[in-house]
Amino acid sequence: MRGWKLKTIKKFLPEFNQRPVTEDDLWRVFKQCGIIVRNVPLLVDGYCGFHHGRHYILLNDRLPPRRWLFTACHELSHYLFDVPKTEGEFLFRNSGADTAREKFADAFACICLLPFPELVRLAEDPPEEDPDLLELCRSRLIVRNVYGI
């Protein structure tokens, strides 16, 4: 991640890549940034948008806790780096999207949930019983190789 992006992230999440981001951390950032966050029925995992002069993050209310946290972090990345400037514009969370900004938002979320020290700890005690956590570990190793963090 480029230095200016890391500086922006650390402004809101000072322990980024040192400890996992919690739901409480996210709510603190949302409040600090004035983002209105709503859990609502959606056909996708989440949206980030700007409407009536306010920033919104909408999250699918049917997501399991870890997926909700991942999606909330993903959408926070969009707010920090891709924030819509036009009234009514929304960024769609589409797991099939293959754009650079979607990949970056996924990488950001992956680091939030699984900072490098936590990955090292899990390497010593592999999470064999949790396939979602194993997949997150695989993704985190890819992020480490691609972004160097």
Side-chain angles (χ1 to χ4, degrees), residues 1-122 130 132-133 135-149:
M1 292 187 179
R2 288 185 251 164
W4 68 269
K5 284 189 177 184
L6 200 50
K7 186 176 179 181
T8 299
I9 293 167
K10 293 269 190 176
K11 175 181 174 186
F12 297 102
L13 297 167
E15 295 180 276
F16 179 74
N17 199 31
Q18 295 172 15
R19 69 166 179 82
V21 171
T22 66
E23 187 175 339
D24 287 342
D25 294 328
L26 287 176
W27 286 111
R28 179 185 47 76
V29 173
F30 295 151
K31 183 177 180 179
Q32 182 181 0
C33 295
I35 303 168
I36 297 170
V37 179
R38 298 283 185 258
N39 292 302
V40 295
L42 296 172
L43 297 176
V44 295
D45 288 354
Y47 300 129
C48 178
F50 183 76
H51 190 65
H52 294 300
R54 302 293 306 265
H55 294 280
Y56 289 85
I57 289 177
L58 305 178
L59 299 164
N60 188 325
D61 64 356
R62 293 178 305 276
L63 295 175
R66 187 180 296 143
R67 188 68 191 172
W68 184 96
L69 192 60
F70 183 91
T71 302
C73 290
H74 175 105
E75 299 305 335
L76 177 60
S77 175
H78 283 313
Y79 169 80
L80 294 174
F81 303 109
D82 306 317
V83 66
K85 306 287 191 264
T86 307
E87 188 70 27
E89 180 184 358
F90 280 84
L91 298 174
F92 292 88
R93 169 72 175 113
N94 181 346
S95 59
D98 201 23
T99 66
R101 74 180 183 188
E102 287 300 315
K103 287 180 180 179
F104 181 86
D106 278 349
F108 172 83
C110 192
I111 295 168
C112 285
L113 269 60
L114 194 57
F116 195 69
E118 184 70 8
L119 182 63
V120 170
R121 187 191 67 75
L122 287 172
D130 188 341
D132 291 335
L133 185 54
E135 182 56 34
L136 182 61
C137 289
R138 281 189 206 94
S139 297
R140 182 61 179 92
L141 287 170
I142 292 168
V143 168
R144 173 89 170 164
N145 289 334
V146 171
Y147 293 96
I149 186 169

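Here the structure is a predicted model, which is why all the values come from computation and not from measurement. Start at 1 with the first residue, then count along the sequence.
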Considering only heavy atoms from C-beta outward, does the side chain of [X] approach that of [Y] to under 4.5 Å?
{"X": "C48", "Y": "D82", "result": "no"}
{"X": "K5", "Y": "F81", "result": "yes"}
{"X": "N60", "Y": "T71", "result": "no"}
{"X": "L76", "Y": "F12", "result": "no"}
{"X": "I111", "Y": "R140", "result": "yes"}
{"X": "L13", "Y": "R19", "result": "no"}
{"X": "V37", "Y": "L26", "result": "no"}
{"X": "L133", "Y": "R66", "result": "yes"}

When rounded to the nearest 0.5 angstrom, what distance separates [atom1] in [X] from [atom2] in [Y]?
{"X": "E135", "Y": "C137", "atom1": "CD", "atom2": "SG", "answer": "9.5 Å"}
{"X": "C73", "Y": "D25", "atom1": "SG", "atom2": "CG", "answer": "8.5 Å"}
{"X": "L136", "Y": "L141", "atom1": "CG", "atom2": "CG", "answer": "10.0 Å"}
{"X": "D106", "Y": "S139", "atom1": "CG", "atom2": "OG", "answer": "8.0 Å"}
{"X": "E15", "Y": "C112", "atom1": "CD", "atom2": "SG", "answer": "12.0 Å"}
{"X": "I9", "Y": "L80", "atom1": "CD1", "atom2": "CG", "answer": "7.0 Å"}

Original post:
How are the rings of F16 and F108 set to each other: parallel, tilted or perpendicular (split at 30° and 60°)?
Top reply: parallel
Subject >> Parallel, tilted or perpendicular: ring planes of H74 versus H78, cut at 30 and 60 degrees >> reply: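 Plane angle over 60°, so perpendicular.
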Original post:
Would you say R62's side chain and L42's backbone share a donor-acceptor pair under 3.5 angstrom?
Top reply: yes
Original post:
Is there a donor-acceptor pair under 3.5 Å between the side chain of N17 and the backbone N or O of F116?
Top reply: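 Yes; judged by distance alone, with no hydrogens or angles, the pair exists.
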**OP:** Search all heavy atoms of C110 against all heavy atoms of F70 and return the closest pair with its distance.
**Re:**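 Closest heavy-atom pair between C110 and F70: N-CE1, 3.7 Å.
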Original post:
Which atoms form the tightest heavy-atom contact between F50 and H55, and what is the distance?
Top reply: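 Smallest heavy-atom distance, with atoms named: CD1-CE1, 3.3 Å.
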Original post:
Counting heavy atoms not belonging to K11, are there more than 12 under 6.0 Å from its NZ?
Top reply: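 Result for NZ/K11: open.
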Original post:
Quick one: ring-ring contact (aromatic ring centres under 6.0 Å, His included) partners of F30, sequence neighbours excluded?
Top reply: W27
Subject >> Non-neighbouring partners of D132 that pass side-chain hydrogen bond (donor to acceptor under 3.5 Å, both in side chains), sequence neighbours left out >> reply: none
**OP:** Take N39 and W68 through the side-chain contact (heavy atoms from CB on, under 4.5 Å) test and state the conclusion after the steps.
**Re:** CA-CA 10 Å; N39 292 302; W68 184 96; 2.6 Å; yes
